[in-house]
Q: 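Sending over a structure as structure tokens; questions will come in a sec.
Quick caveat, the model's predicted, so the values are computed rather than measured.
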Amino acid sequence: MTNTDKRDGDLQSCKRIVRQYIETFDHAVDYAAALADVASVDYRWRGVHPFYEQPNVDSAIAAFWAPLRSSFRAYQRREDIFFAGISEGELEQRDEPTVWTCSMGHFTGLMDDHWLGIPPTGKFTFIPYAEFHRIDGDRIAETALFIDVVSVMAQAGRYPLPPPTGAHIIQPGPRTHDGLLFEAQDPAEGARTLALTERMVSDLSILNETGDDECSPDVLRKTWDEQMIWYGPTGIGATTTITRYQKQHQYPFRRNLADKVFNGHVARIAEGNYAGWFGWPNLHNSSRGGFLGMTANAARAEMRVVDIYRREGDKLVENWVFIDLLHYLYGQGLDVLARSREIDRIPD
């Protein structure tokens, strides 16, 4: 067996473990048992604000899954992207390469009870998610789950931020409808995708080092298609084309945030035409004032970010982005969820 054959076999085996877990967990009555059946003894779970790090299965269920499944009746997972890869992350290096899977789409359900203090709507609700699993042997050893809480707040009529620079939408899956990579892919294609995203990261790192906050569109054209689509998190919004992306996100982001330092990623994977990563945190920066309505301050706030990419040829064409904005703002002294809960305490 060649190294390539072994790599493909490992990825397919890991994907089968996670596919079986998702099918069982999403339909289980006792979902704690469903997770325990596949989790390693040292299982670790990470989530966005206010859930953070949970050290075992029971705490992950109690902190996140039990309240979610209780509040959203008729729960379903609508998955748009699924792939796996050998981690190329810079953080938490291990002696052996690690395999991660990435699943992205929406959890859906009827919001029939309070969740995080957000009042129930009784309506069909979409919860954008990106979920990474690290596989060790035949067990899930680690999970990182990013969800867009601000999107849920917006759907419930509790949008807590200034008007977004992009468009607030329910994010679609890939335009090509080919994001579910259940079968083995050509390793050369995954290598091309990973190399392209790494070139893009290198270009951004140079901007951070030089302080160029209004770079020419030609910088992006090296790695991005002219008709790129950028699906930003709720609070920033989605946009399309290089020039409109720069106007509606890149320039405001770079002008209003100072001292940007890229820390690296916990996991960085690619398979076929898709790539994804997350950091814990990816970035540190401080506010010059204006971004998400924040005033200038000296706090060094951290950003935990997920990026998922689709490549066509030698260019990136679609990018789905999750940012733990509530954690970012909390680090600057703004508790968005607490402020939202105060609305219900104001007397008539």
Q: Verify the distance criterion only: is there a donor paired with an acceptor across the side chains of Asp42 and Ser40 at less than 3.5 Å?
A: yes
Q: Which side-chain N or O atoms in residues 284-296 pair as donor and acceptor under 3.5 Å with protein atoms at least two apart or in another chain?
A:
residue: His284; atom: ND1; partner: Asn263; partner atom: ND2; Å: 3.0
residue: Asn285; atom: OD1; partner: Tyr328; partner atom: OH; Å: 2.9
residue: Ser286; atom: OG; partner: Asp259; partner atom: OD2; Å: 3.1
residue: Ser287; atom: OG; partner: Gly289; partner atom: N; Å: 3.0
residue: Ser287; atom: OG; partner: Thr295; partner atom: O; Å: 3.3
residue: Arg288; atom: NH1; partner: Asp213; partner atom: OD2; Å: 3.3
residue: Arg288; atom: NH1; partner: Arg254; partner atom: O; Å: 3.0
residue: Arg288; atom: NH1; partner: Arg255; partner atom: O; Å: 2.9
residue: Arg288; atom: NH1; partner: Leu257; partner atom: O; Å: 3.0

Q: Could you tell me which residues satisfy side-chain contact (heavy atoms from CB on, under 4.5 Å) with Ala195, sequence neighbours excluded, listed by chain and number?
A: Arg199
Q: Run the side-chain contact (heavy atoms from CB on, under 4.5 Å) test against Leu204 and tell me which residues pass, sequence neighbours left out.
A: Met200, Leu207, Gln250
Q: Does a side-chain heavy-atom distance below 4.5 Å link Pro160 with Val150?
A: yes
Q: Does one side chain, of Gln20 or Thr24, offer a donor that lies under 3.5 Å from an acceptor on the other?
A: yes
Q: Kindly compute the distance separating CG (Asp138) from OG (Ser13), expressed to the nearest 0.5 Å.
A: 8.0 Å
Q: Working to the nearest 0.5 Å, report the span between CD of Gln171 and NE2 of His106.
A: 6.0 Å
Q: Side-chain polar contacts of residues 229-238 - donor-acceptor pairs under 3.5 angstrom, sequence neighbours left out - could you list them?
A:
residue: Trp230; atom: NE1; partner: Asn319; partner atom: OD1; Å: 3.3
residue: Tyr231; atom: OH; partner: Glu318; partner atom: OE2; Å: 2.8
residue: Thr234; atom: OG1; partner: Asp148; partner atom: OD2; Å: 3.0

Q: Nearest 0.5 Å, please: how far is CG in Asp203 from CG in Leu220?
A: 8.0 Å
Q: Using 0.5 Å steps for rounding, measure from the CG atom of Asn282 to the CG atom of Asp307.
A: 7.5 Å
Q: Would you list the pairs meeting salt bridge (charged side-chain N to carboxylate O under 4.0 Å, His left out) in which at least one residue belongs to residues 227-238, sequence neighbours left out?
A: none
Q: Applying side-chain contact (heavy atoms from CB on, under 4.5 Å), name anything that partners Ala39, two or more places apart in sequence or on another chain.
A: Leu35, Tyr43, Val57
Q: Identify, with sequence neighbours excluded, every residue that meets side-chain contact (heavy atoms from CB on, under 4.5 Å) alongside Ala191.
A: none
Q: Does any part of the side chain of Thr176, heavy atoms only, come nearer than 4.5 Å to the side chain of Arg310, both counted from C-beta?
A: yes
Q: If the condition is ring pair (Phe, Tyr, Trp, His ring centres under 6.0 Å), which residues does Tyr75 pass it with, not counting sequence neighbours?
A: Phe107
Q: Below 4.0 angstrom, N of the basic side chain to O of the carboxylate: do Lys315 and Glu226 qualify?
A: no
Q: Pairs in or reaching into residues 22-37: which pass salt bridge (charged side-chain N to carboxylate O under 4.0 Å, His left out), with residues at least two apart or in two chains?
A: Asp26-Arg77
Q: Are Asn297 and Gln332 close enough that a side-chain donor and a side-chain acceptor fall under 3.5 Å?
A: yes
Q: Answer yes or no: is there a donor N or O on one side and an acceptor on the other, between the side chain of Arg311 and the main chain of Glu189, under 3.5 Å?
A: yes
Q: Looking at Lys123, is its backbone amide N or carbonyl O close enough to the side chain of Thr125 to form a donor-acceptor pair, meaning the two atoms are under 3.5 Å apart?
A: yes
Q: Just grab all the ring pair (Phe, Tyr, Trp, His ring centres under 6.0 Å) pairs involving residues 135-168, residues at least two apart or on different chains.
A: none
Q: With no hydrogens and no angle check, is any side-chain donor or acceptor of Ser71 less than 3.5 Å from a backbone partner on Pro67?
A: yes
Q: Is the number of heavy atoms from other residues, nucleotides or ligands under 6.0 Å of Glu183 CD greater than 12?
A: no
Q: Do you see a donor-acceptor pair shorter than 3.5 Å between the side chains of Thr239 and Gln248?
A: yes
Q: Side chains of Thr101 and His133: is there a donor and an acceptor less than 3.5 Å apart?
A: no
Q: Under a 3.5 Å distance rule, please check whether Tyr274 uses its side chain to pair with a backbone N or O of Thr193 as donor and acceptor.
A: no
Q: Charged N to carboxylate O under 4.0 angstrom, Glu79 versus Arg19?
A: yes
Q: Could you give the distance from CG (Leu337) to CD1 (Ile118), rounded to the nearest 0.5 Å?
A: 6.0 Å
Q: Suppose clustering is done on Ile, Leu, Val, Met, Phe, Trp and Tyr with side-chain heavy atoms closer than 4.5 Å. Which residues sit in the same group as Tyr330?
A: Tyr52
Q: Near Arg78 CZ, under 6.0 Å, is it more than 12 heavy atoms from other residues, nucleotides or ligands?
A: no
Q: To the nearest 0.5 angstrom, please state how far the CG atom of Leu116 sits from the CZ atom of Phe64.
A: 8.5 Å
Q: Who passes ring pair (Phe, Tyr, Trp, His ring centres under 6.0 Å) against Phe278, sequence neighbours left out?
A: Trp100, Phe132
Q: Between Glu209 and Ser205, do the side chains contain an N or O donor and an N or O acceptor separated by less than 3.5 Å?
A: no
Q: Does Arg300 form a salt bridge (Lys or Arg N to Asp or Glu O under 4.0 Å) with Glu302? I'd like the steps, not just the answer.
A: CA-CA 7 Å; Arg300 292 286 292 156; Glu302 58 182 38; over 6 Å; no
Q: Distance-only, no hydrogens or angles: does the Glu271 side chain make a donor-acceptor pair with backbone N or O of Ala84 under 3.5 Å?
A: yes
Q: For Arg175, look at atom CZ and say whether over 12 heavy atoms of other residues, nucleotides or ligands are found less than 6.0 Å away.
A: no
Q: Checking Trp320 side chain against Pro172 main chain: does a donor-acceptor pair fall under 3.5 Å?
A: yes
Q: Just wondering, more than 12 heavy atoms not from Glu53 lying within 6.0 Å of its CD?
A: yes
Q: Backbone N or O of Met228 within a donor-acceptor pair of the Thr240 side chain at under 3.5 Å?
A: yes
Q: I'd like to know if Arg139 and Asp136 make a salt bridge, using a cut-off of under 4.0 Å between side-chain N and carboxylate O.
A: no
Q: Starting from the C-alpha separation in whole Å, work towards a yes-or-no answer on side-chain contact (heavy atoms from CB on, under 4.5 Å) for Val152 and Phe72.
A: CA-CA 11 Å; Val152 178; Phe72 293 88; 4.2 Å; yes
Q: Is there a chain of hydrophobic side chains (I, L, V, M, F, W, Y, each step under 4.5 Å between heavy atoms) that links Val41 to Val38?
A: no
